[in-house]
Amino acid sequence: MLRGIIRFALSVVMVAAAALVGTVTTAGTAHADECYTWNRTLSQGMSGSDVAELQIRVSGYPGYGGVLAIDGSYGPATAAAVKRFQAAYGLSADGVAGPQTFSKIYALQDADCTPAHFSYSELNQCNSTWSGGAVSAPTAKRNALISMWKLEAMRHALGDAPIRVTSGFRSYSCNSAVGGASNSRHLYGDGVDLGAGSHTLCRLAQQARNHGFNGILGPGYPGHNDHTHVDHRSSRYWSAPSCGI
């Protein structure tokens, strides 16, 4: 009788302990990403807002000259971008976004969804509201976020040495103050100017071709001998004659 009571008491303790472990594990998983948590494995043929969030994070891996659509549809281009992302970080490159892929993304980003090595303040030295440009403030901020993830991929490909941002989003007034073009991509939040530092301007312009930038302007293009410009314009325009582009 006594042994039965002891066995029952031990079983209750073990169940309680298992429940506690499960609670801690679940809480840890939910806390893995303060800005967004994926709750399912994603693969080709799936769609949804979680696919779009993934596409933003792998937008810097479309392949040479490619641009990954952020459309929430997990097609062949998204699978290929996921494979490149996985290979870049030493993961099994199967094109399926599961726990290992998401864990790497969580490790790469901050609580506001920006990649670890870039920030909203870095991409907006004009104002704190993202307003006054050619698109709504939320759109400008989202465009800048996509640019940052492309730059994060580019940074990693260049050996994880820092990339120096000299200009990002501009309102019309900020753009006018610096003599920017009237149709500048900076007004849309996706234009970014990069300065020389760990890498030459030409090296930056050359590498940008692999990371989803339709617009690349650098040394040799009028007004761009002191910086390399990248953006998300709708069609490709690359010009950095001094760099062979």
Side-chain angles (χ1 to χ4, degrees), residues 31-38 49-62 67-72 81 85 102 104-158 160-178 180-181 184-199 204 207-208 211-217 227-233:
H31 187 67
D33 181 38
E34 295 179 68
C35 86
Y36 191 85
T37 297
W38 284 270
S49 60
D50 49 359
V51 174
E53 290 292 335
L54 173 66
Q55 288 170 328
I56 290 173
R57 274 59 164 196
V58 300
S59 59
Y61 292 90
V67 177
L68 181 64
I70 313 298
D71 59 5
F85 173 87
F102 296 139
K104 174 51 65 175
I105 292 173
Y106 296 152
L108 284 174
Q109 73 181 6
D110 293 325
D112 62 356
C113 298
T114 60
H117 300 103
F118 298 92
S119 66
Y120 281 121
S121 60
E122 195 174 12
L123 270 285
N124 182 358
Q125 301 168 30
C126 172
N127 60 41
S128 61
T129 62
W130 298 86
S131 62
V135 292
S136 68
T139 297
K141 191 172 183 179
R142 183 176 184 272
N143 287 343
L145 179 65
I146 296 169
S147 288
M148 283 187 270
W149 279 101
K150 292 182 179 185
L151 290 173
E152 184 72 21
M154 185 168 152
R155 185 186 192 277
H156 185 59
L158 290 171
D160 287 312
I163 290 178
R164 187 166 66 92
V165 174
T166 60
S167 183
F169 168 76
R170 300 174 192 158
S171 65
Y172 279 106
S173 59
C174 287
N175 190 58
S176 178
V178 299
S184 171
R185 293 307 305 182
H186 292 279
L187 297 165
Y188 296 82
D190 63 50
V192 186
D193 290 346
L194 309 174
S198 302
H199 315 288
L204 293 169
Q207 188 63 41
H211 300 290
F213 293 108
N214 254 344
I216 304 173
L217 305 174
H227 68 281
T228 287
H229 169 93
V230 294
D231 64 51
H232 307 170
R233 67 188 65 195

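Note that the structure is predicted; figures quoted are calculated from it, not measured. FYI, the numbering just counts along the sequence from 1.
How far CD1 of Ile146 is from CG of Leu151: 12.0 Å, rounded to the nearest 0.5 Å. Rounding to the nearest 0.5 Å gives a distance of 8.0 Å between NE2 of His227 and OG of Ser167. Note that the CD1 atom of Ile105 and the CH2 atom of Trp149 stand 6.5 Å from one another [nearest 0.5 Å]. To the nearest 0.5 angstrom, Phe102 atom CZ is 10.5 Å from Thr37 atom OG1. The structure places CZ of Arg233 at 5.5 Å from CG of Leu217, a figure rounded to the nearest 0.5 Å. Atom-to-atom distance recorded for Met148:CE and Gln109:CD is 11.0 Å, nearest 0.5 angstrom.
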*Determine, stepwise, if the pair His232 / Lys150 fulfils side-chain contact (heavy atoms from CB on, under 4.5 Å).*
CA-CA 10 Å; His232 307 170; Lys150 292 182 179 185; 3.7 Å; yes

*List the steps, then state whether side-chain contact (heavy atoms from CB on, under 4.5 Å) holds for Arg57 with Glu53.*
CA-CA 7 Å; Arg57 274 59 164 196; Glu53 290 292 335; 2.5 Å; yes

_Before you tell me yes or no, could you show the steps for Asp190 and Phe213 under side-chain contact (heavy atoms from CB on, under 4.5 Å), namely the whole-Å CA-CA distance, both residues' side-chain angles and the distance that decides it to 0.1 Å?_
CA-CA 10 Å; Asp190 63 50; Phe213 293 108; over 6 Å; no

*Does the side-chain contact (heavy atoms from CB on, under 4.5 Å) test come out yes or no for Arg164 and Ser198, once each step is laid out?*
CA-CA 8 Å; Arg164 187 166 66 92; Ser198 302; over 6 Å; no

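Only one option out of Thr228, Val230, Ile163, Thr166 pairs with Val192 in a side-chain contact (heavy atoms from CB on, under 4.5 Å); it is Val230.
For the pair Asn127 (side chain) and Trp130 (backbone), a donor-acceptor distance under 3.5 Å is present. Side chain of Asn175 to backbone of Ala181: a donor-acceptor contact under 3.5 angstrom is found. Put simply, the side chain of Asn143 gets close to the backbone of Tyr188: a donor and an acceptor are under 3.5 Å apart. Between the Trp38 side chain and the Asp50 main chain, a donor and an acceptor come within less than 3.5 Å of each other. A distance-only check finds a donor-acceptor pair linking the side chain of Asp112 to the backbone of Thr114 [under 3.5 Å].
Among all heavy-atom pairs drawn from Ile56 and Ser59, the shortest one is O-OG, 2.8 Å. Here the closest non-hydrogen pair linking Gly168 and His186 is O-ND1, 2.7 Å. Closest approach of Leu68 to Ala81, counting heavy atoms only: CD2-CB, 4.0 Å. The minimum heavy-atom distance linking Ala153 with Gly60 is given by the pair CB-O, 3.5 Å. The shortest heavy-atom contact between Glu152 and Ala116 is OE1-N, 4.2 Å. Closest approach of Gln55 to Gly72, counting heavy atoms only: OE1-N, 2.9 Å.
Using bins of under 30°, 30° to 60° and over 60° for the plane-to-plane angle, the ring pair Phe85/Tyr61 lands in the perpendicular bin.
The local environment of CZ in Arg142 is sparse, with at most 12 non-hydrogen atoms from other residues, nucleotides or ligands closer than 6.0 Å.
Using modelled atom types and a 3.5 Å distance limit, the side chains of Asp193 and His229 yield a donor-acceptor pair. The closest side-chain donor-acceptor pair between His117 and Asp160, if any, does not fall under 3.5 angstrom.
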